[in-house]
Amino acid sequence: MTHEITRVRHELRRRKLTLARVEQLSPGMRRLHFVSSDLDGFPSVGFDDHIKMFVPGEVAPAPGERGTMRDFTPRRFDTAAGTIAIDYALHDAGPAIDWARDAAVGDVLEIGGPRGSAIIPDDFDWYWLIGDMTSLPAIGRRLEELRADVPVTSIVLVDSAQDAQAIDTAAQWTPRWIVRERPDADLLTEAIGGLTLPPGEGFVWIAAEAGAARAARHAVEALGQPARWIKAAGYWQQGDPAVHVRIDE
């Protein structure tokens with residue numbers, strides 16, 4: 001069926017990773033490259049999948065509890081080679097980001113999931129990818145996976161001009177990088193309001209601070225984009241970086 005979004009559930013499994021290399025992509029983004037013998041069957045089939053990171057060094061949980069966890073997108077992985085990379089946006093404090101800032105080769109990390117995947121088909125006429133630096137791992141993965149020459153526009157809020165990323169893609173990619181000098185919601189709605197929907201049927205993907213993502217969704221809907229072809233999520237919330245919420249309206 002055309003434009004059918006498929007949802008897949010996965011068996012939950014905990015995996016142990018060992019940090020092999022640290023790569024500073026930009027002042028605000030750090031990529032950690034891990035190796036693992038536990039990646040056989042790793043089931044990440046959606047570009048915006050989330051794995052649970054069990055933050056090392058936290059106080060041991062009581063029996064029946066799971067300790068401190070944070071959601072991250074697996075940016076790149078190779079199950080045959082036993083490698084996985086996770087990108088960390090460094091602009092927010094918190095136990096997971098603190099660990100990523102200080103992590104050294106040989107450090108061990110445990111992850112779980114992903115619990116499920118939403119597979120957005122690559123059969124639309126065009127795509128918009130909208131968000132902030134926390135969305136860049138998913139945006140980068142999507143750009144790398146899309147078919148050749150499909151038009152893609154990205155609007156991404158960054159902490160500085162140096163945080164813009166070069167991403168290899170066969171798609172016809174038009175990036176717009178906006179430095180965060182005003183409230184995120186204002187910047188995104190202003191940028192979206194200056195666009196018109198391209199011809200044909202497209203899909204709009206949004207992930208940012210929860211309030212900003214909601215405002216961006218409303219701005220896209222105001223342009224006439226069908227709600228069924230919009231996916232929006234809050235990857236964090238002002239005052240609570242651990243929040244992750246789906247935004248359907």
Side-chain angles (χ1 to χ4, degrees), residues 5 7-17 19 25 28-34 36 38-39 42-59 61 65-77 84-103 107-120 129-142 145 156-157 159 165 184 205-214 216-217 231-248:
I5 298 174
R7 301 188 184 277
V8 182
R9 304 297 290 179
H10 305 301
E11 179 183 359
L12 286 178
R13 178 177 163 188
R14 196 154 170 159
R15 293 174 164 87
K16 183 176 290 187
L17 316 177
L19 182 58
L25 298 178
M29 187 72 74
R30 170 169 285 202
R31 178 171 295 167
L32 301 186
H33 298 263
F34 297 92
S36 176
D38 293 340
L39 288 178
F42 182 68
S44 182
V45 291
F47 73 92
D48 59 351
D49 283 349
H50 281 84
I51 53 176
K52 292 288 184 185
M53 169 185 169
F54 298 90
V55 181
E58 293 291 289
V59 176
E65 296 181 355
R66 295 179 293 177
T68 301
M69 299 178 293
R70 293 291 186 270
D71 289 333
F72 291 93
T73 298
R75 176 62 179 83
R76 188 176 292 154
F77 63 95
I84 184 170
I86 304 173
D87 289 0
Y88 294 83
L90 303 178
H91 70 274
D92 282 318
I97 299 304
D98 290 346
W99 182 87
R101 280 196 179 99
D102 298 333
D107 287 351
V108 174
L109 175 70
E110 289 192 343
I111 63 169
R115 181 184 297 273
S117 302
I119 305 171
I120 300 169
L129 306 172
I130 300 169
D132 61 14
M133 289 186 62
T134 63
S135 73
L136 264 178
I139 288 176
R141 184 169 163 182
R142 184 60 162 171
E145 294 175 354
V156 181
L157 305 183
D159 294 341
Q165 292 187 14
D184 290 4
W205 182 90
I206 303 165
E209 189 278 327
R214 183 171 287 104
R217 181 183 181 108
K231 182 180 181 182
Y235 274 12
W236 59 287
Q237 185 170 285
Q238 287 288 353
D240 189 353
V243 165
H244 188 283
V245 293
R246 206 168 94 176
I247 296 171
D248 293 327

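Annotation for Ala233 and Ala213: closest pair O-CB, 3.3 Å, computed over non-hydrogen atoms. Nearest approach of Leu19 to Ala103, heavy atoms of both residues: CD2-CB, 3.6 Å. Between Val108 and Pro56, the shortest heavy-atom contact is O-CG, 3.7 Å. Here the closest non-hydrogen pair linking Ala207 and Ser135 is O-CB, 3.3 Å. Contact between Ala208 and Gly131 at its shortest, heavy atoms only, is CB-CA, 4.2 Å. Across Ala210 and Ile247, no two heavy atoms sit closer than the pair O-CD1, 3.4 Å.
Two residues are said to be in side-chain contact when any heavy atoms from C-beta on lie closer than 4.5 Å; Ile51 and Phe77 fail this criterion. Counting heavy atoms from C-beta outward, Arg31 and Pro137 have side chains that stay 4.5 Å or more apart.
Of the inter-residue distances, the one linking His10 atom NE2 with Asp49 atom CG reads 5.5 Å to the nearest 0.5 angstrom. With values rounded to the nearest 0.5 angstrom, Ile86 atom CD1 is found 7.5 Å from Met53 atom CE. Interatomic distance, Asp87 CG to Met133 CE, rounded to the nearest 0.5 Å: 9.5 Å. Taking CZ of Arg70 as the start and CH2 of Trp99 as the end, the distance is 14.5 Å to the nearest 0.5 Å. Atom NZ of Lys16 and atom CD1 of Ile111 lie 12.5 Å apart (nearest 0.5 Å). In this structure, CG in Asp48 is found 10.5 Å from CD1 in Ile119, a value given to the nearest 0.5 Å.
In this structure, the side chain of Gln238 does not engage the main chain of Glu209 through any donor-acceptor pair within 3.5 Å. Proximity of a side-chain donor or acceptor of Arg101 to a complementary backbone N or O of Leu90 within less than 3.5 Å is detected.
Salt-bridge annotation for Asp71 and Lys52: present, with a side-chain N of the basic residue lying under 4.0 Å from a carboxylate O of the acidic one.
For Arg13, the CZ atom counts as densely surrounded, since its 6.0 Å shell holds more than 12 non-hydrogen atoms of other residues, nucleotides or ligands.
Taking the side-chain contact (heavy atoms from CB on, under 4.5 Å) definition, one finds that Ser36 meets it with Leu17, Asp38, Leu39, sequence neighbours left out. In this view, Phe47 and Trp205 satisfy the ring pair (Phe, Tyr, Trp, His ring centres under 6.0 Å) rule, not counting sequence neighbours. For Gln165, the side-chain contact (heavy atoms from CB on, under 4.5 Å) partners two or more places apart in sequence, or in a different chain, are Leu25, Met29, Leu136, Ile167, Trp177.
Annotation: Phe72 is not in aromatic contact with His50 [ring centroid separation under 6.0 Å not met].
Between Trp236 and Asp132, the side chains place a donor N or O and an acceptor N or O closer than 3.5 Å (distance only, hydrogens not considered).
A cation-pi geometry, defined here as NZ or CZ lying under 6.0 Å from the six-membered ring centre and within 45° of its normal, holds between Arg14 and Phe54.
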Checking side chain to side chain contact (heavy atoms under 4.5 Å, CB included) for the pair Arg15/Glu110: CA distance, chi angles, key distance, verdict? CA-CA 6 Å; Arg15 293 174 164 87; Glu110 289 192 343; over 6 Å; no

